[in-house]
Every structure is written in structure tokens, then in C-alpha cells.
Amino acid sequence: ILQNVSTKKGQAFHFGSTYDTYDADQAWFTTTFQTFYKHVVSENGCKWDATEPTQGVSDLTECLATQSFATSNGNTFRGHNTFWHEQTPTWLPGSFTASQLTGTIIPQHVQQEIQGLGSSVTSWDVVNEVVGDGVSNGMTPLQCVQNKGDWPTVTADGSGQPLVTDLSFIYAAFNTAFTYAGASTRLAVNDYNTGGQDAKTACVISLIQNIQENTNIPYDRLAIGFQSHLMASAGNFYTKQELATTFSTLAALGVNAMITEMDIEINSDNNANLRYQAAIWGDYIDACLYASNCNEFINWDPRDDLSWRGTAAAATLFDSNGNPKPAAYEVAARLQNY
Ligand code: G3I
């Protein structure tokens, strides 16, 4: 029943979820990633703490194992992520100057990961969650990024200078990624609470333009990942129209859009909530299907009991017994009807 499409008007359409080698119930993963999900991203195995636990020493074991899980099931694979202020290796928050970070540490890490995973990776989240949550309309890309309160200060010269005095650390990540990625691998800025006509979405759009202007990476190799971690109670989701407007703004630039981490916390899986969850998921999958520049759709955690939000959030497409929920049937129907 839950067969999904893997093409969209002649282009590949990558619909999938997360996997880690230590996830429970591997047999369920194999079955479900052969029938419903067809695209894989490592939930944790490709992050900096897992892939470079010792400075300069590459350890891609977990990340490659996730890629192998994908290929063994005939699935495609995307990379998450080569730069994030969270889940960094223990050696990182050391006393580095900004120029060491930009000149050596980031390029070395990005190269080892992207080169190691090879050219078949559909896309990489090159930088993850670099835009602040307190941004306002009209901010420059630098102001958007400086607004992020999580940047470590750089203590090398004892002055505690903030890391972000310019965006060269982001250009370094993207330039390195572009050098080593496959010719059709898309390079993304990935963030949450984005997708509509709001200040944070405006920031990620102006940031991707700024990256293009400062790296000359062709626009069609660039992407914005809209994580889409939603909470029914908070109503932090967008309408199909709002998403379509944002996606078409990016299409006009030649930039790709992708839904990268969708889940919807409903907090109790009664029928009304499950139908509500299904309706929102249907809007999001349609917004992506019917946009010319949206060809990847990742659901974060494939099953309620495996969700980072906890089982009670009932936030995913399959219940804790591994059975499809109304949202899974809704999405399958939209995929099949497309
Ligand atoms: O690997 C250790 C293990 O050795 C240890 O025994 C265990 C208990 O302490 O912790 C394990 O690490 C955990 C890791 O997941 C792997 O399971 C960390 O504590 C835990 O914090 C980490 O959570 C992940 C979280 O990112 C980290 O911020 C979630 O699984 C993951 O779903 C979540 O994913 C993020 C995306 O990468 C970016 N967007 C937001 C999204 C949700 O936070």
C-alpha cells in the first residue's frame, strides 16, 4: 500500500527518513526503507563529534555505515552535516583564532567528510542552524548570523573576540564542499522555523545569495533545507501557499528547496490529532511535490518510539509498533496521486 514514487516528472524525488546503526528494530528499518522511505540521512553518525573525534583524524565509520544501509536497500543518501555549533568534537572549543578555524579546521573537516562519502550523495547540509532566532526583517546576512547566540568566543588572543566578525567561516565550508562534492550534489544551508514570509526565512534566503556572491558556486548547486520540526500546539507550521511562495522565490534564483527534518509533535495520538497531523503533512508534501525546485523530503525519525521528541509526542509517520499512521497514508496518497 505504502509504495511511494521516486521520480517526479522525470526528476528523482527523494523521500526518506533518518537511520543510525544503533537504532532499535533493524529488521523493521530494512522492510520500511524498502517499501516506504527511499532516502536516508544519518541522524547522528555524520556529525562532527562522530566523524572527527580527534583533530585531523577522520573516522567516517558511522556515516559510511548509514550510507551502506541506504545503498543496500536501493535508497539514496544525503549528508547531515559538516558544520554545526552542536555535537562538536570535544577538542573543538579550543583556543583557535577565527583565521585558524576558517583557514584550516573547517576546510579540513569538510574535505574529509565530503571526500569520504563520495559523489553519489544527493545533498549536504554544509552549515546547520547558523541564523539566529531573534532576527528581524532587513538584517544583513552577517547580522542574521551574528544574531545566533550560540557562537563560542575565540580565546586564542585572550580577547574573547566573537567568532563571527565576518562570514568567511561559512564561505570556507561551502568552497571546500563545492571542491570535493559530486557534480550534482546540492550544498545546503539548513535551519528550523523557516519556510514562510518571515524574518528568519528572509535571512536564510539572503544568506544563500551572499554565499553565492562570495563563492561563485552556481545557484543550482545551492539549496536551503527547511527542517520543519513542527508542533501542532505551537502552530509553527506554514500553509501550502506560504511554502509555495518561498519555494518560488528560490526557484527564481535557481536555488533548490528541500524539507529536511519534518516531524509534527501532537502530544496525544487521538483521532483528531492524528487527522490534523495528516493534513499538515499533506500540505508539506504537496508544496514540495508541486514546486519545480523541491526534490528531497526527509522525515525526522521514522517511528514514534525512535523520535528525538520522545514517544508521547507521536511526532512521526509510524506509531511505536511500526504501523503507518494516518499521516503516512496521506503522504503516500499524495505521492501516488502526483
Ligand atoms: O552517543 C551517545 C552515547 O554514547 C551515550 O551513551 C548517550 C547517552 O548520553 O548519548 C549519545 O549521544 C546522544 C546522540 O543523540 C546519539 O544518540 C546525545 O546524548 C543526544 O543529545 C543526541 O541527540 C540528537 C540531537 O540532534 C543532538 O542535538 C538527536 O538524536 C537528533 O535527532 C537531533 O537532531 C537534530 C538535527 O541534527 C539538527 N536539527 C535539530 C534536530 C533535533 O534536535
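When a ligand or atom number is given, it counts from 1 through the structure's own listing order. Here the structure is a predicted model, which means the values were calculated and not measured. No hydrogens, no waters, no symmetry mates; every other heavy atom, side chains included, goes into these values.
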Side chains of Ile114 and Thr176, heavy atoms from C-beta outward: is any pair under 4.5 Å?
no
Ligand 1: which residues have a non-hydrogen atom closer than 4.0 Å?
Tyr22, Glu43, Asn44, Lys47, His80, Trp84, Glu86, Gln87, Asn128, Glu129, Gln227, His229, Glu261, Trp300, Trp308
Please give me the minimum heavy-atom distance between Glu242 and Gln197, naming the atom from each residue.
O-NE2, 3.0 Å
Any disulfide (SG to SG under 2.5 Å) pairs touching residues 299-338, not counting sequence neighbours?
none
Phe29: partners by ring-ring contact (aromatic ring centres under 6.0 Å, His included), with sequence neighbours left out:
Tyr19, Phe33
Provide the full list of disulfide (SG to SG under 2.5 Å) pairs with a residue in residues 270-303, sequence neighbours left out, each pair given once.
Cys288-Cys294
Cation-aromatic face contact Arg303/Trp28, 6.0 Å, 45 degrees:
yes
